[in-house]
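Some notes on the structure that comes next.
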Amino acid sequence: MPRKRSTDDGDELLARLGSLTAQARERAELQRTQVELAIALQRGMLPRDLPSAPGLHLAVRYAPACYGLNVGGDWYDAFPLPDGRIGLSIGDVQGHNIEAAAFMGQVRAGLRALAFATGEPGELLARTNDLLLSLGSELFATCTFVRVDPATGVLESARAGHIPFVWATADGKSGVVDDEGGPPLGVQRGVEYPVARHRLTTGGLCVLLTDGVVEGPSLDVEAGLDQVVRLAGIAAVAGLESQALAAAVIKGAESVGHEDDAAVLVVGLDGPGPRR
């Protein structure tokens, strides 16, 4: 009798282990499916092509998070405006799940649609902020919107809680823009977003990015931005292609030790060397 009870106990233990293993596999498969769906949402909502203009060169790199459910809502966008200028946006939705990826699509679409009514960056962010609040979502997004004139190199930008962009000139100067921003989109009503004006000189570059590129467990945001400033400075002086700089910046993002999305958008103006 004792031996039979021992056998029965062993069979029961094996059955429980089998059930737990099956449940673990189901959870793993569900998690994998959710991650794949979120990544597909992200990629489907990002632009397939970038606009072109004489002398102006755009380059992007995008690396979605692929650890656990950390897929978030980083985005970039670039599109021509009715007056011949080009609108650029980059941003990051709070959260790391399918909802964040879907909300990202709403923000990007809202910015594009409203930009055809007003391309002025401050007013555009204010209108987008009101639109997102009207949707009643609990999510919010940080964002930078830039309107660039390819003929003059003039950049007009406004920030909604987003990290500032990096600039570099062909004569060896580089840094981080020191402009005033406003709160993230979807947080507070009646917000005004200050507009800063810069000029992209011949052979110059500017780098828009999300915080996943410069901030993580292994690197604070100041050190991360310094790293991008150095890369941009080298690229501008050497006359490197915008594509090469974008690739170098996204490669450097590996040093921050993050599990977040990372997006980079580089704008370059023709200089003495090849840049495209």
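Only this structure's heavy atoms are used, side chains among them; waters, hydrogens and symmetry mates stay out.
Hydrophobic clustering (ILVMFWY, side-chain heavy atoms < 4.5 Å, transitive): Val60 and Trp167 are in one cluster. One hydrophobic cluster holds both Val214 and Val176 under the rule that ILVMFWY side chains link at heavy-atom gaps under 4.5 Å. One hydrophobic cluster holds both Leu139 and Leu131 under the rule that ILVMFWY side chains link at heavy-atom gaps under 4.5 Å.
Considering only heavy atoms from C-beta on, Arg112 comes within 4.5 Å of Phe79 through its side chain. Using a 4.5 Å heavy-atom threshold, the side chains of Leu200 and Val267 count as touching.
Between Glu222 atom CD and Leu225 atom CG the span is 7.5 Å, to the nearest 0.5 Å. The OG atom of Ser52 lies 7.5 Å from the CD1 atom of Ile86; values are rounded to the nearest 0.5 Å. Atom CG of residue Asp77 and atom CG of residue Leu111 lie 8.0 Å apart, to the nearest 0.5 angstrom. With values rounded to the nearest 0.5 angstrom, Thr201 atom OG1 is found 9.0 Å from Lys173 atom NZ. Separating the CG atom in Asp83 from the CG atom in Asp149 is a distance of 7.5 Å, to the nearest 0.5 Å. Rounded to the nearest 0.5 Å, atoms CZ (Arg199) and CG (Leu155) are 10.5 Å apart.
One side chain, His57 or Asp270, offers a donor N or O that lies under 3.5 Å from an acceptor on the other. There is a side-chain donor-acceptor pair under 3.5 Å between Thr210 and Asp74. Under 3.5 Å, the side chains of Trp75 and Ser89 contain a donor-acceptor pair of N or O atoms.
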Note to self: Using side chain to side chain contact (heavy atoms under 4.5 Å, CB included), reason through Gln106 and Leu135 one step at a time and then give a plain yes or no.
What the structure shows: CA-CA 10 Å; Gln106 292 179 309; Leu135 297 177; 4.1 Å; yes

Check: Step by step, would you call Asp261 with Asp92 a side chain to side chain contact (heavy atoms under 4.5 Å, CB included)?
Finding: CA-CA 9 Å; Asp261 297 336; Asp92 182 6; 5.8 Å; no

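Smallest separation of non-hydrogen atoms from Val195 and Arg197: CG1-NH1, 3.9 Å. For the pair Ala232 and Ala168, the tightest heavy-atom approach, listed with the atom from each and the gap, is O-CB, 3.4 Å.
Panel note: side chain Tyr193, backbone Pro183; a donor-acceptor pair is recorded below 3.5 Å.
A centroid separation of 6.0 Å or more is found between the aromatic rings of His162 and Phe145.
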